[in-house]
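Note sheet for the following structure.
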Amino acid sequence: MTAPLIDPFARAITYLRVSVTDRCDFRCVYCMSENMTFLPKRELLTLEELDRMCSTFIGLGVEKLRITGGEPLVRRGIMTFFDGMKRHLDAGTLKELTLTTNGSQLEKYASALYDAGVRRVNVSLDTLDEGKFADVTRWGRLPQVLRGIDAAQAAGLRVKINAVALKGFNEPELPQITEWCASRDIDLTWIEVMPMGDIGNEDRIDQYWSLKDVRAKYAEHYTVTDLAENTGGPARYVRLKETGQKIGFITPLSHNFCESCNRVRLTCTGEIYLCLGQEDRADLRAPLRAHPNDNAPLEEAIRAAINLKPKGHDFDYSRQTASGQMPRHMSHTGG
Ligand code: SAM
Ligand code: SF4
């Protein structure tokens with residue numbers, strides 16, 4: 001039996017988020033600049049390498065895989081990868097295979113994802129207004145995403161909406177978004193904007209709408225009860241009495257979840273990042289490529305990397321500057 005991955009702070013690493021591409025068919029204003037330069041193809045892990053990498057992590061005790069990007073569903077041939085991961089679900093070693101998507105390709109892939117064993121999908125959607133959707137995503141079209149969500153639900157996938165809280169933007173829409181989700185039995189989580197990567201002319205402080213204020217906004221419209229449950233992840237939850245909904249809040253800028261952090265991230269180039277808000281990382285592509293028939297060097301490199309996992313991160317907006325700013329884009333490490 002292989003020893004599980006335990007970091008220097010005694011946290012068991014059981015959750016891997018994998019960015020399968022840095023490319024995307026949208027250009028969300030908080031995530032990318034309009035003119036992005038993407039990586040040359042040879043830098044990316046091939047689908048076979050992604051399979052081998054993920055399978056190795058699963059062999060070391062990772063039980064949950066979340067596939068992300070960029071937009072994971074624009075990676076050519078990505079269903080081959082999902083189909084391949086099904087064998088680990090069938091074997092019981094992988095407990096959950098899921099993804100975060102902008103929804104643009106869900107209409108096409110929802111059934112195939114279900115067949116590959118995916119049961120839940122996070123769809124990022126910040127507004128239900130067609131004009132505002134086009135503004136915030138630059139290249140996205142709302143009806144396409146809504147059709148994708150319909151297809152996901154029809155295929156039997158449980159949908160969760162992740163909405164980035166943007167001051168003055170989706171703030172007035174909070175009741176509509178909430179009730180739309182309630183009427184469709186969709187879970188809803190709000191995410192605070194994080195200082196990731198160069199996004200052109202947008203000002204992060206201008207975009208920042210603290211989740212404390214989002215919660216206060218809920219209290220203007222609903223009876224809000226804080227829930228004690230802690231799922232081990234960065235979300236905190238409240239219950240709305242009027243709709244019965246549980247609403248999540250992801251506050252990456254607070255440190256409330258670092259001590260229970262069980263996750264690491266793999267970039268599309270095969271680097272492992274130990275914390276979303278720190279630069280600690282290691283290259284896993286070199287040991288993978290150098291030893292095509294021997295997994296031991298890769299396993300050793302993974303263990304060495306886990307030993308670098310920091311205690312927590314340093315984001316801080318409190319001085320009205322985005323300190324702890326990360327040079328890399330979210331689409332590189334995967335959100
Ligand atoms: N393209 C997919 C999508 O949009 O769901 C997956 C990748 S995207 C980088 C993952 C999540 O990160 C999305 O929910 C997106 O809204 C969020 N995100 C991107 N940039 C962010 C930022 N600067 N702060 C907070 N969340 C961000
Ligand atoms: Fe693309 Fe997702 Fe980033 Fe939007 S948030 S630009 S959909 S990767």
Side-chain angles (χ1 to χ4, degrees), residues 17-36 38-39 65-75 78 98-106 109 113 120-127 132-142 144-145 148-149 152 159-167 169-170 177 187-200 202-211 214 233-235 248-254 263 265-268 273 276-277 313 315 317 322 324-335:
R17 297 174 76 106
V18 185
S19 173
V20 294
T21 178
D22 60 335
R23 287 163 202 255
C24 187
D25 51 347
F26 291 4
R27 290 289 181 280
C28 301
V29 295
Y30 45 74
C31 180
M32 292 190 180
S33 64
E34 192 140 28
N35 305 310
M36 294 288 291
F38 294 111
L39 295 161
L65 277 187
R66 176 173 296 279
I67 309 308
T68 177
E71 173 48 41
L73 297 180
V74 303
R75 170 89 196 242
I78 193 62
T98 184
L99 70 153
T100 300
T101 171
N102 65 24
S104 70
Q105 309 302 314
L106 266 183
Y109 289 122
L113 288 167
R120 298 197 299 165
V121 52
N122 287 0
V123 181
S124 305
L125 177 65
D126 305 327
T127 170
K132 282 163 75 176
F133 187 85
D135 287 343
V136 75
T137 61
R138 292 199 189 102
W139 296 3
R141 295 298 167 257
L142 181 65
Q144 188 183 351
V145 172
I149 292 172
V159 175
K160 187 176 84 148
I161 297 291
N162 283 336
V164 174
L166 298 165
K167 197 155 143 183
F169 180 78
N170 49 16
I177 295 174
D187 297 320
L188 173 62
T189 293
W190 293 90
I191 309 175
E192 254 171 14
V193 169
M194 287 186 276
M196 308 287 293
D198 173 21
I199 48 164
E202 306 287 331
D203 183 334
R204 291 202 190 270
I205 301 297
D206 276 357
Q207 296 177 338
Y208 181 60
W209 181 24
S210 98
L211 293 189
V214 180
F249 297 104
I250 298 185
T251 317
L253 309 183
S254 82
R263 62 194 60 189
R265 290 175 163 79
L266 184 72
T267 70
C268 52
Y273 276 80
L276 184 59
H313 59 71
F315 291 135
Y317 279 110
Q325 169 101 28
M326 300 306 302
R328 65 184 191 269
H329 284 97
M330 197 83 151
S331 49
H332 183 64
T333 3

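Atoms within a ligand are numbered from 1 in the order they appear, just like the ligands themselves.
- Remark: the backbone N or O of S104 is paired with a side-chain donor or acceptor of Q144 at under 3.5 angstrom.
- Not one N or O of N162 is nearer than 3.5 Å to an N or O of ligand 1, by distance alone.
- Note: no N/O pair closer than 3.5 Å links N122 and ligand 1 by distance alone.
- Each of the atoms 7 (C), 9 (C) of ligand 1 lies under 4.0 Å from some heavy atom of G69.
- Interface atoms of ligand 2 facing C28, defined by a heavy-atom separation under 4.0 Å, are 4 (Fe), 5 (S), 6 (S), 7 (S).
- Distances from atom 21 (C) of ligand 1 to the heavy atoms of Y208, F26, Y30 put Y30 nearest.
- Between E71 and T21, the side chains place no donor N or O within less than 3.5 Å of an acceptor N or O (distance only, hydrogens not considered).
- Within ligand 1, the atoms closer than 4.0 Å to a non-hydrogen atom of T68 are 6 (C), 7 (C), numbered from 1 in the order shown.
- Under 4.0 angstrom from ligand 1, the non-hydrogen atoms of T100 come from both its backbone and its side chain.
- Between T101 and ligand 1, at least one N/O pair is under 3.5 Å apart.
- R17 and R263 make their closest contact through NH1-NH1, 3.6 Å (heavy atoms, listed as atom of the first residue, atom of the second, distance).
- Listed by number with element, the atoms of ligand 1 under 4.0 angstrom from any heavy atom of E192 are 24 (N), 25 (C).
- Checking side-chain atoms of K132 against main-chain N and O of N170 turns up no donor-acceptor pair under 3.5 Å.
- Within the coordination shell of atom 1 (Fe) of ligand 2, defined by N, O or S atoms under 2.8 Å, C31 is absent.
- In this structure, the side chain of R75 does not engage the main chain of G69 through any donor-acceptor pair within 3.5 Å.
- No donor-acceptor pair under 3.5 Å is formed between the side chain of R141 and the backbone N or O of F133.
- G103 does not count as a contact of ligand 1, since none of its heavy atoms falls under 4.0 Å from the ligand.
- Taking every heavy atom of V193 and a limit of under 4.0 angstrom, the matching atoms of ligand 1 come to 24 (N), 25 (C).
- Considering every non-hydrogen atom in both Y109 and L73, the closest pair reads CE1-O, 3.5 Å.
- Heavy atoms of G70 approach ligand 2 to within less than 4.0 angstrom.
- Enclosure of atom CZ in R120 is not indicated, since only 12 or fewer non-hydrogen atoms of other residues, nucleotides or ligands lie within 6.0 angstrom.
- Interface atoms of ligand 1 facing S124, defined by a heavy-atom separation under 4.0 Å, are 3 (C), 4 (O), 5 (O), 13 (C), 14 (O).
- Judged purely by atom type and a 3.5 angstrom limit, E192 uses its side chain to pair as donor or acceptor with the backbone of L211.
- Distance alone, capped at 3.5 Å, is enough to place a donor-acceptor pair between the D126 side chain and the V164 backbone.
- The residue V123 has no part lying near ligand 1, judged by heavy-atom distances below 4.0 Å.
- Taking only nitrogen or oxygen atoms, main chain and side chain alike, G70 reaches within less than 3.5 Å of ligand 1.
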